[in-house]
Trainee: 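Following this message is one structure expressed as C-alpha cells.
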There are 2 protein chains.
Amino acid sequence: MTEFIPPGTRYHALPSPFAFKRGGQLHGAHVAYETWGTLNADASNALLIVTGLSPDAHAAANDGNPAAGWWEGMLGPGKAIDTNRWFVVCVNSLGSCKGSTGPATINPATGELYRLNFPELSIEDGARAAVDVVKAQGITRLACVIGNSMGGMTALAVLLLHPGIARSHINISGSAQALPFSIAIRSLQREAIRLDPQWNGGQYTDQQYPESGMRMARKLGVITYRSALEWDGRFGRVRLDSDQADDDPFGLEFQVESYLEGHARRFVRFFDPNCYLYLSRSMDWFDLAEYADGDVMAGLASIKVDKALAIGANTDILFPVQQQQQIADGLRAGGADAQFIGLDSPQGHDAFLVDFERFGPAVRTFLDAL
Amino acid sequence: MTEFIPPGTRYHALPSPFAFKRGGQLHGAHVAYETWGTLNADASNALLIVTGLSPDAHAAANDGNPAAGWWEGMLGPGKAIDTNRWFVVCVNSLGSCKGSTGPATINPATGELYRLNFPELSIEDGARAAVDVVKAQGITRLACVIGNSMGGMTALAVLLLHPGIARSHINISGSAQALPFSIAIRSLQREAIRLDPQWNGGQYTDQQYPESGMRMARKLGVITYRSALEWDGRFGRVRLDSDQADDDPFGLEFQVESYLEGHARRFVRFFDPNCYLYLSRSMDWFDLAEYADGDVMAGLASIKVDKALAIGANTDILFPVQQQQQIADGLRAGGADAQFIGLDSPQGHDAFLVDFERFGPAVRTFLDAL
C-alpha cells in the first residue's frame, strides 16, 4: 500500500495504546503529517489543517516534496494561507491509507493487515490523533484549526474535545452532524463496495480487488461533490468523439460519462476500499448533538473559540450551506465572533478545492485579521 | 414477466412493422393502456397521460381494476383530473415491462425474449406508440396531453411529431432535453446493473438475476427522486431499533437506510433490468434541440399548442424547475398561452406522486379553464 503515500511524508507515533471512542485500541499506531513555514519562538503562529475523506497530508509543495499538493492554490508563501507568516501542519486522517495507521496497515499483534479488525473509527478518534501531532510540535495553542468537508467535522471535534486548543476556527464545507441525504449517499457508496464479490468481506488482494464497487462509489462521490449547474456549462450534451466512445451499446457516449470514468480510474486503485468504508461510516456517525442531549446548536455553543468563519458553496448538495450557517450560528451562541459566508461557486461541495478566487479571499481576510 | 402487469390492462396492437427512430422495427408489437371516464360524442374531452420510467398504465382505480393506481390522488371522479368530465387514456411506455412490448417480451421472429436485440428505443418511439393508441380510440384531437417526468419528454415528442394532436399540454417535472447531472445519475444506475455479473450481458434468468445491480440502481433513483430537505424532517438522524438493525458492522443503522432498502426490495424483482436500461438510455438521448439546429428553445417554439402549463417542485434535483421554466418559455415563444409554476413541495422530483395538495390545484385550475 506504500504507493498511496506521497514522498516526504513525516510520521508521528501516537501514544500506545491509543484508545478509540467506541472501544478498541491501537498499539504502535502513527499519523502521517507534513508542515510548511516556521514555528515562531512562542509557538503562536501555528495552524492545523484537517482534511476530507481522501486527501493525504501533502496539501502543497514543501521542502520534503516539491510536487503540487491538493490545496496548492490556497497554501504557500503569499497565498491565502500564507506560509511566510504561518507554521502549518496538515494531518492525514487516522484510518486513511495515505500514511496514517488504518485498516490497510499491518496489525503488529498479528502481522496481518487490520482490514475489518481495525477498531470502529469515529471522527473524534481522528481529532485526538491530530491534536497529538500538534502537541508534539511544541504547540499548546493553535492560532486556527481549519477543516474541509469531513475535516470540518474533525475540526469541530478537535475544538470540543480539547478546549482552548485553538484561538480560532475556519470550517469549510463542513457540518456539525451528518444528515440523511448525505448518509444515504455514503451508505450507497459503501454498499457498492460491499456488494462487489471481490470485496470478499474485506479480504481482497491486488489481484482480486473490488474494482467495480470502488468505481461505483467514486462516481457517485464525484456526482455529489460537484453541481448540476457547473456540469450544464462544462459538459452540456456534448458527446464523445467516435474514437473515444465505447462500442458497447450501453457504454460511454456523453462527455460527462467519460469525466466520471476518468475520475473513477484515478481513484479505484489509489484508495484502500476498507479505509474508505471506515472513514465514510465515521462521517455518518458524527453528531455534535450527542454532546448536548440531542441539541446540535447546544453542542456547537459548548465549543469555546474566539473567532470563527464557516464558509461553503451555495451549490453544495452534500454539505449544504445551511450546515455552515448552523455552525456559525452555534459557535456565535457559544460566544465566538463567528461569521458565515455562502459563496456563489458553481462547483458544489468540491468548490474549496478549485475555486480559489472565491475561497481564497474569504480565508485570507479571516487569517489576516488574527 | 406477467407478474409485472396489473389486471384489467388493455392492449392496443401497433402497426406492424413499427419502425424505430434510430433504426430497427417491431413486428406484432402492442402497447398496454387503461382508460377512465366516457368519450363524448365529438371526442373532444380526451386527455392522454404518458408516464415516468417505471409506472404501469394503472394510474387510478377503474372498472377493470378497482385497486388504487399510482396517481390515485389526482385522477378520478371529482379529482383534479376529473373523470366525470374527461375521458382519460394512460399508456404504458413502449419498451416497458408492464404490458407494452419491450426487451422482456418474446420476439415473435425467434420465440425468445428480445433482451438486447430489442431495437434502440427513443422517447420519440414511445410518443408515436402512444398517439397510435389515442387514434384507435377515435380521437383525432386531444384536449390535453399530460406527461410526468420521462412522460414530460414523451409528451413534448407527441406534440412535436404530431402537430395539432392536442389543444393543450401539461408538463409535470419534465424537461426538453437531458442535462449532464441527470445523465450522470442514469449512467451510473445503468452501470450498476451492467456491472452486476448476474446481468450477464442481458441473459439473466429468475434464478441468476442482477439483484445487486438493480438494488443499487433503485436506491440511487430514490435518493435523486426525493430531496434532502424532506429527509431532514422525515428521518433526521433517527436510528433503527436494535431488532431492525443489521448485525453486519457496515449494515443498516439509520432509518433513511432502511427506507432505501425497502424501496429497493419493492422494485428489484418488479421491473425488468433490460427494460430499465432501454428506458433510462432513451431519456439521456432526448433533446428537442435536435429538431432545431441545436437550439432547444427553438425546438420548443416549433411546437404548436394553444395552452400549456409546466410545473415542478423547487426541490427537484433530477429535473430541476429551470427545465420546466424553459418549457413554458419555449412554448410561449411558439405562440402558446404558457405558464410556469414552481411549487414549494419538499418531496423533490417525486412530489407530483405525493403532494396532491400543491399539484392538484395547479392541474385542476388549468383543466377547468379548457
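Chain letters run A, B, ... following the sequence lines, proteins first and then strands; every chain starts at 1. Owing to the predicted nature of the structure, the values given are computational and were not obtained by experimental measurement.
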Trainee: With a 4.5 angstrom heavy-atom cut-off, could you sort out which part of Leu116(B) is near chain A: side chain, backbone, both or neither?
Mentor: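 Contact with chain A is through the side chain of Leu116(B) alone.
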Trainee: So Gln322(B) and Asp232(A), side chain to side chain contact (heavy atoms under 4.5 Å, CB included) or not? Walk me through it.
Mentor: CA-CA 12 Å; Gln322(B) 291 83 347; Asp232(A) 290 350; over 6 Å; no
Trainee: Which of residues 277-290 of chain A have a heavy atom under 4.5 Å from any heavy atom of chain B?
Mentor: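 Residues Leu277(A), Tyr278(A), Arg281(A), Asp284(A), Trp285(A), Phe286(A), Asp287(A) are the ones that qualify, each having a heavy atom under 4.5 Å from chain B.
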Trainee: Once you round to the nearest 0.5 Å, how far does OG of Ser187(A) lie from NZ of Lys219(B)?
Mentor: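 Answer rounded to 0.5 Å: 6.0 Å.
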Trainee: With chain A, which of Gly213(B), Ser212(B), Ser227(B) has the greatest number of heavy-atom pairs at distances under 4.5 Å?
Mentor: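 So the answer, after comparing Gly213(B), Ser212(B), Ser227(B), is Ser212(B).
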Trainee: Between Arg215(A) and chain B, which part of the residue has a heavy atom less than 4.5 Å away: side chain, backbone, both or neither?
Mentor: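 The side chain, not the backbone.
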Trainee: What part of Gln189(A) lies closer than 4.5 angstrom to a heavy atom of chain B: side chain, backbone, both or neither?
Mentor: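 No part of it gets close to chain B.
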Trainee: As an exercise: rank Leu229(B), Leu220(B), Ile317(B), Leu195(B) by heavy-atom pairs under 4.5 Å with chain A and give me the winner.
Mentor: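 Looking at each option in turn, the highest pair count goes to Leu195(B).
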Trainee: Suppose a student defines contact as a heavy atom less than 4.5 Å from any heavy atom of chain A. Which residues in residues 174-184 of chain B would they list?
Mentor: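 So far as heavy atoms go, Gln177(B), Ala178(B), Leu179(B), Pro180(B), Phe181(B), Ile183(B), Ala184(B) are the residues that approach chain A to under 4.5 Å.
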Trainee: Is the shortest heavy-atom distance from the side chain of Glu257(B) to the side chain of Glu191(A) under 4.5 Å?
Mentor: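 No - every pair of side-chain heavy atoms lies 4.5 Å or more apart.
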Trainee: Less than 4.5 Å apart, side chain to side chain, heavy atoms only: is that true for Leu260(A) and Leu188(B)?
Mentor: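 Of all side-chain heavy-atom pairs linking Leu188(B) with Leu260(A), none is under 4.5 Å.
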